[in-house]
Amino acid sequence: MTTTTTLAQVYSEHPIHLRDIIPLDFNSIRSVPDSHVWPISDDFSSDHQLLVPIIDLKDPNAVKLAGHACETCGAFQVINHGIHLNLLEEVESEARRLFSLPTQTKMKALREPAGATGYGQARISPFFPNYMWHEGFTIMDSPTDHARALWPTDSARFCDVIERYQKQMKVLAEKLTDLILESLAIFREDLNWDVGSPSTALQLNSYPPCPNPNRAMGLAPHTDTSFLTILHQGSTSGLQIFKQGTGWISVLPVSGALVVNVGDLLHILTNARFPSVLHRAVLNQEGFHRLSVAYFYGLPIDCRVSPLLKLLDSGESPRYRPVTVKEYVDIKSKNFEEPLTSIRI
């Protein structure tokens with residue numbers, strides 16, 4: 001009998017020290033400690049003409065527009081996506097309820113050193129010399145166990161909202177995946193993806209009020225390991241993407257819109273035609289508690305990913321060797337800064 005490896009099991013093979021898991025007690029801090037001080041960034045683009053494309057999924061040209069956005073920007077915002085505004089508000093409200101709990105309570109759901117889910121600092125923390133002004137809560141599959149640790153007698157509401165959100169996000173992620181593949185004139189049937197369930201994760205992000213936002217970083221620059229990521233960033237800006245030749249561009253919030261960005265696996269599949277977009281979260285308002293909710297949609301762990309030959313231009317060679325999703329997650333867990341270079345041909 002074959003057993004299917006899960007994303008959580010893959011991460012369990014790369015334990016993290018507790019110091020890189022336990023967040024700062026933000027409620028007791030009156031100034032930014034040296035451990036959380038980042039250099040002031042001066043590479044922000046103020047050219048507001050360089051906006052991230054907004055795509056209406058009901059637009060007859062949505063396929064073409066999505067392909068163009070992925071190729072030129074690595075990201076886009078999507079409207080008429082089918083996720084009710086009420087549900088977006090509910091998941092944001094539940095995230096706020098969670099992160100507003102006393103620190104001692106949140107610690108009851110602390111992520112284990114070899115764990116992938118629960119409360120803690122961003123998983124990318126060990127790869128940077130300074131800590132981020134951030135606390136997160138990661139969910140893979142059911143949120144029940146950790147929710148009960150936080151609310152022993154009142155976890156049902158949180159679980160219900162999260163599970164409904166996960167289901168609808170999965171439907172949207174599959175719709176967006178088909179849309180993006182169609183923009184490349186390829187279909188799921190062209191790919192060997194029938195080797196298990198997609199690897200998915202839901203990440204609740206909290207950027208607590210900061211006494212000096214200009215000295216701290218919400219989330220350090222990184223790319224996502226996923227195939228694609230869908231982000232609900234709420235009504236306050238903080239997300240920035242890096243565009244070659246331009247610099248950092250703020251992704252200004254659009255009411256009811258969700259941000260979609262290309263991840264490493266889609267980058268590999270398209271032979272870098274669709275760039276895995278470098279992005280970060282900045283703090284831009286003193287005294288404000290910003291939240292965001294990211295849904296990571298990946299391919300099955302045992303799926304083999306490589307540049308599709310039919311996408312290569314005449315004379316173009318594949319840039320990357322074939323790699324399973326599990327192998328790539330392993331590589332990035334050890335070599336965070338240059339994981340794609342590690343598989344370059």
Side-chain angles (χ1 to χ4, degrees), residues 23 26-27 44 48 51-57 73 75-101 106 119 121-122 124 132-139 143 157-158 160-170 172-173 176 200-210 213-214 216-222 224 226 228-241 248-261 277 279-297:
F26 294 103
N27 293 327
F44 171 67
H48 296 294
L51 297 177
V52 174
I54 299 168
I55 298 175
D56 185 340
L57 284 191
C73 197
F76 57 90
Q77 298 206 60
V78 62
I79 58 175
N80 279 323
H81 41 63
I83 310 295
H84 292 296
L85 183 59
N86 286 349
L87 182 55
L88 294 175
E89 290 172 347
E90 281 184 273
V91 77
E92 188 174 337
S93 172
E94 287 305 303
R96 193 169 297 280
R97 184 164 75 106
L98 187 158
F99 291 117
S100 298
L101 290 169
K106 288 183 286 192
Y119 175 70
Q121 294 190 77
I124 63 176
M132 290 155 259
W133 203 265
H134 169 274
E135 53 182 345
F137 192 83
T138 309
I139 302 160
R157 184 177 75 189
F158 179 84
D160 173 65
V161 170
I162 292 299
E163 286 168 358
R164 282 190 286 123
Y165 192 76
Q166 286 173 308
K167 285 177 185 174
Q168 292 200 28
M169 279 289 120
K170 185 171 183 287
L172 177 59
L176 289 167
T200 65
L202 186 67
Q203 175 75 20
L204 310 181
N205 296 306
S206 163
Y207 306 97
C210 182
N214 291 327
M217 174 66 71
L219 210 53
H222 65 284
D224 293 335
S226 58
L228 58 83
T229 302
I230 306 172
L231 179 76
H232 168 53
Q233 69 163 338
S235 57
T236 307
S237 63
L239 173 67
Q240 294 182 345
I241 66 169
W248 290 100
I249 302 168
S250 278
V251 181
L252 302 178
V254 173
S255 180
L258 295 166
V259 182
V260 181
N261 69 262
V277 67
H279 56 287
R280 68 184 183 185
V282 296
L283 308 173
N284 53 16
Q285 190 174 342
E286 188 173 346
F288 185 79
H289 188 181
R290 179 175 172 265
L291 301 168
S292 71
V293 182
Y295 181 80
F296 302 102
Y297 183 78

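Below, each value reflects all heavy atoms present in this structure, side chains not excepted, and no hydrogens, waters or symmetry copies. If you read the sequence from its start, that first residue is 1, and numbering goes on from there.
Across all non-hydrogen atoms, the minimal contact from G256 to L85 is CA-CD1, 4.4 Å. Here the shortest heavy-atom pairing between F296 and Q203 reads CE1-CB, 3.6 Å. Nearest approach of P53 to C73, heavy atoms of both residues: CD-SG, 4.1 Å. When all heavy atoms are compared, the tightest approach of E163 to P143 is OE2-CD, 3.6 Å. Shown here for L283 and A216, the closest heavy-atom pair between the two residues is CD1-CB, 3.6 Å. The heavy-atom pair separating R290 from A281 by the smallest distance is NH1-CB, 4.2 Å.
Taking the six-membered ring for Trp and thresholds of 30 and 60 degrees, H279 and H222 have ring planes inclined between 30 and 60 degrees apart.
A heavy-atom distance below 4.5 Å is not found between the side chains of E94 and L204. Proximity of F288 to P213: side-chain heavy atoms (C-beta onward) are nowhere separated by under 4.5 Å. With a 4.5 Å cut-off on side-chain heavy atoms, T200 and M169 do not count as touching. Put simply, the side chain of P221 reaches to within 4.5 Å of the side chain of W248, judged on heavy atoms.
For the side-chain hydrogen bond (donor to acceptor under 3.5 Å, both in side chains) test, residues two or more places apart in sequence or in another chain that qualify with E90 are R164. Legend: residues meeting ring-ring contact (aromatic ring centres under 6.0 Å, His included) with Y207, ordered by chain and number and at least two apart, are H134. Remark: S93 pairs with no residue by the side-chain hydrogen bond (donor to acceptor under 3.5 Å, both in side chains) rule, at least two apart or across chains. Scanning for side-chain hydrogen bond (donor to acceptor under 3.5 Å, both in side chains) contacts around S206 gives E135, H289, with sequence neighbours left out. Listed by chain and residue number, D224, S226 satisfy the side-chain hydrogen bond (donor to acceptor under 3.5 Å, both in side chains) test with T229 (two or more places apart in sequence, or in another chain). Taking the ring-ring contact (aromatic ring centres under 6.0 Å, His included) definition, one finds that H232 meets it with nothing, sequence neighbours left out.
Of the options I79, L88, L231, a side chain to side chain contact (heavy atoms under 4.5 Å, CB included) to L258 is made by L88 and by none of the others.
Within the model, atoms CD of Q77 and CG of L252 stand 8.0 Å from one another, a figure rounded to the nearest 0.5 Å. Interatomic distance, CZ of R96 versus CG of L291, reported as 4.0 Å (0.5 Å rounding). Interatomic distance, L87 CG to Y165 OH, rounded to the nearest 0.5 Å: 7.0 Å. Of the inter-residue distances, the one linking L172 atom CG with Q168 atom CD reads 9.0 Å to the nearest 0.5 angstrom. Going from atom CG of L57 over to atom CG of N80 covers 7.5 Å, rounded to the nearest 0.5 Å. Of the inter-residue distances, the one linking K106 atom NZ with S100 atom OG reads 7.5 Å to the nearest 0.5 angstrom.
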Side chain to side chain contact (heavy atoms under 4.5 Å, CB included) assessment of L219 paired with R280 | CA-CA 5 Å; L219 210 53; R280 68 184 183 185; 5.7 Å; no
Could you walk me through whether V293 and E92 pass side chain to side chain contact (heavy atoms under 4.5 Å, CB included), step by step?
-> CA-CA 7 Å; V293 182; E92 188 174 337; 5.6 Å; no
Stepwise side chain to side chain contact (heavy atoms under 4.5 Å, CB included) test for V52 and V259 | CA-CA 9 Å; V52 174; V259 182; 5.6 Å; no
Would L176 and H81 count as a side chain to side chain contact (heavy atoms under 4.5 Å, CB included) if you check the C-alpha gap in whole Å, the side-chain angles of each, and the deciding distance to 0.1 Å?
-> CA-CA 9 Å; L176 289 167; H81 41 63; over 6 Å; no
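A donor atom on one side chain and an acceptor atom on the other are not found under 3.5 Å apart for Q233 and S292.
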